[in-house]
Chemist: 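Next up is a structure, given as structure tokens.
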There are 2 protein chains.
Amino acid sequence: MSLPHAILTALLEKPSSGLELTRRFDKSIGYFWSATHQQIYRELGKLEADGLIRTLPAEQPARGQRKSYEVLPAGRAELARWTAASQEPKPLRDALLLRLRAAAVVGTAGLGDDLRRHLELHERQLAEYQEIEKRDFPPGKDGPQDRLQHLVLRAGIDLETFWTGWLRHALEEFAELPGADPA
Amino acid sequence: MSLPHAILTALLEKPSSGLELTRRFDKSIGYFWSATHQQIYRELGKLEADGLIRTLPAEQPARGQRKSYEVLPAGRAELARWTAASQEPKPLRDALLLRLRAAAVVGTAGLGDDLRRHLELHERQLAEYQEIEKRDFPPGKDGPQDRLQHLVLRAGIDLETFWTGWLRHALEEFAELPGADPA
DNA sequence: CCCGGTTGTGCAACTAGTTGCATAAACGCC
DNA sequence: GGCGTTTATGCAACTAGTTGCACAACCGGG
């Protein structure tokens, strides 16, 4: 049950319409909690029905007409409650690791290409994060809010660093394997 | 669509009944693709209906009676196909990072405790992985199968290492924050 | 002015995963 | 030899997330 809270956070950072939210998810919050526009619209409807957000006045809500939302006090309270509440970490689920395990049984044919592709994707993501770090968190910028947001970004950077390193290592191993597909 | 393939992999490693599979998931494959017993039973039914696995003969399939499955050639072929097929990495979704981002807006009250709890969980998981590494992958054991399985385990170890490191760093930052809850 | 592309909102149906419970055999024990 | 516990299998209902599509308004060009 994290999507509503992701939306509340985004709306507190800045009131937005459904499409604006979708865009902001794509290049910020979505890095660690992705959502499609359909999910977002549906959730906005529920949050409004529950009295946690409301449409900004001064705009009529016709179809094809942008509708902006802001968080109500009840919404902020709910977000604070959820943030402080203890939660179990949900177990890892990664198809690539599973495929490697399967490859130990049925062979590695064809897997190398996709490993290389994933490596490239992770390298690109890492570069993007580092770009953001340079842009949004220059040396002096270290107020409480900045530190927390930077911490989250650091997690992204470290994760991508792990993946690129691990994938490179995996490809080396592949190269030494007898039946593996060649580069 | 990875659960059926996780089950096929497990069954190829060793034919098993539903409950045995559940147990093995809990302490091996489940580390990177978790599943409950209900998911497993349902999926076994589908896989059998699709002709990818079959019950081992010589045991009648009464209720409350163990029923063992083995993989048919079609199942092995399907697993090989899936392993080699290119797949998009599914985007990261991590509630803890989201909560930190929310905390930047609504405050960090109460969050520190849960961070410490997560740190402990990850430390325990890391220790378990290292135990497995020492037990199952001693220096000489490096056939192709061993190397691949070791590679997967390394990913687990490195991931937990990342998390413990990051969480410790996060707790340090928390300690320096003005309004943060004290240890 | 009307027509095709773009922007913005949304419904409906589907898939995957979770939770809670039902059922039956087998095991041991007093 | 009946009785509670453990082992084993499974159904049904629910929740979260995905996919495909519909539809209205608006914008610019011929």
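These figures come from a predicted structure and were not determined experimentally. Order of the sequence lines fixes the chain letters, A, B, ..., with proteins taken first and strands second; residue numbering starts at 1 for each chain.
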Chemist: May I ask you to evaluate whether B:Gln39 reaches the phosphate of C:dA16, defined as a side-chain N or O under 4.0 Å from OP1 or OP2?
Modeler: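 No, outside the criterion.
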
Chemist: Would you mind reading off the distance between A:Asp26 atom CG and C:dT7 atom P, rounded to a whole angstrom?
Modeler: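 The answer, rounded to whole Å, is 14 Å.
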
Chemist: Establish whether the base of C:dG8 is bridged to the side chain of A:His37 by a donor-acceptor pair shorter than 3.5 Å.
Modeler: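 Counting by modelled atom types and ignoring angles, no donor-acceptor contact under 3.5 Å is found here.
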
Chemist: Salt bridge (Lys or Arg N to Asp or Glu O under 4.0 Å) with B:Arg147: which residues, sequence neighbours excluded?
Modeler: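 A:Glu173, A:Glu176.
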
Chemist: Can you list, by residue number, the residues of residues 4-24 of chain B that have a non-hydrogen atom closer than 4.0 angstrom to DNA chain D?
Modeler: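 Close to the strand are B:Ser17, B:Gly18, B:Leu19, B:Arg23.
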
Chemist: Can you say whether a donor on the side chain of A:Gln38 sits under 3.5 Å from an acceptor on the base of D:dG17, or the other way round?
Modeler: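 No such pair is found, so the answer is no.
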
Chemist: For A:Met1 and B:Tyr41, take the nucleotide of DNA chain D holding the closest heavy atom to each; which residue's nucleotide lies nearer the 5' end?
Modeler: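 Of the two residues, B:Tyr41 wins.
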
Chemist: Given atom CD1 of A:Ile40 and atom C1' of D:dT19, what is their separation to the nearest angstrom?
Modeler: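 Result: 16 Å.
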
Chemist: Between B:Arg42 and B:Arg93, who's closer to the 5' end of DNA chain D by nearest nucleotide?
Modeler: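 Nearest nucleotide further toward 5': that of B:Arg42.
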
Chemist: Under the salt bridge (Lys or Arg N to Asp or Glu O under 4.0 Å) rule, collect the residues that match up with B:Glu88, sequence neighbours excluded.
Modeler: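 With neighbours one apart ignored, the set is A:Arg117.
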
Chemist: OP1, OP2 of C:dG10 versus side-chain N and O of A:Lys67: anything below 4.0 Å?
Modeler: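 Yes, A:Lys67 has a side-chain N/O under 4.0 Å of OP1/OP2 on C:dG10.
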
Chemist: Does anything in residues 67-105 of chain B pair up under ring pair (Phe, Tyr, Trp, His ring centres under 6.0 Å), and if so which pairs, sequence neighbours excluded?
Modeler: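 Sorted pair list: B:His5-B:Trp82.
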
Chemist: Classify the ring geometry of B:Tyr31 against B:Tyr129: parallel below 30°, tilted from 30° to 60°, perpendicular beyond 60°.
Modeler: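 Because their plane-to-plane angle is over 60°, the rings of B:Tyr31 and B:Tyr129 count as perpendicular.
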
Chemist: Rounding to an integer number of Å, can you tell me how far A:Lys46 NZ sits from D:dT15 C1'?
Modeler: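 Going from NZ in A:Lys46 over to C1' in D:dT15 covers 8 Å.
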
Chemist: Go through the structure and list residues passing side-chain hydrogen bond (donor to acceptor under 3.5 Å, both in side chains) with A:Glu123, not counting sequence neighbours.
Modeler: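 By the side-chain hydrogen bond (donor to acceptor under 3.5 Å, both in side chains) rule, A:Glu123 matches A:Arg168.
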
Chemist: How long is the span from the CG atom in B:Leu79 to the CZ atom in A:Arg99, to the nearest 0.5 Å?
Modeler: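 It comes to 11.0 Å.
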
Chemist: Once you round it to whole Å, what is the distance between C1' of C:dG10 and OH of A:Tyr69?
Modeler: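 One finds 10 Å between C1' of C:dG10 and OH of A:Tyr69, rounded.
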
Chemist: Starting from P on D:dG17, measure out to CD on A:Glu43 and report it in whole angstrom.
Modeler: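 The distance from CD of A:Glu43 to P of D:dG17 comes to 8 Å, rounded to the nearest Å.
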
Chemist: Report the residues that fulfil ring pair (Phe, Tyr, Trp, His ring centres under 6.0 Å) with B:His118, sequence neighbours left out, ordered by chain and then residue number.
Modeler: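 None.
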
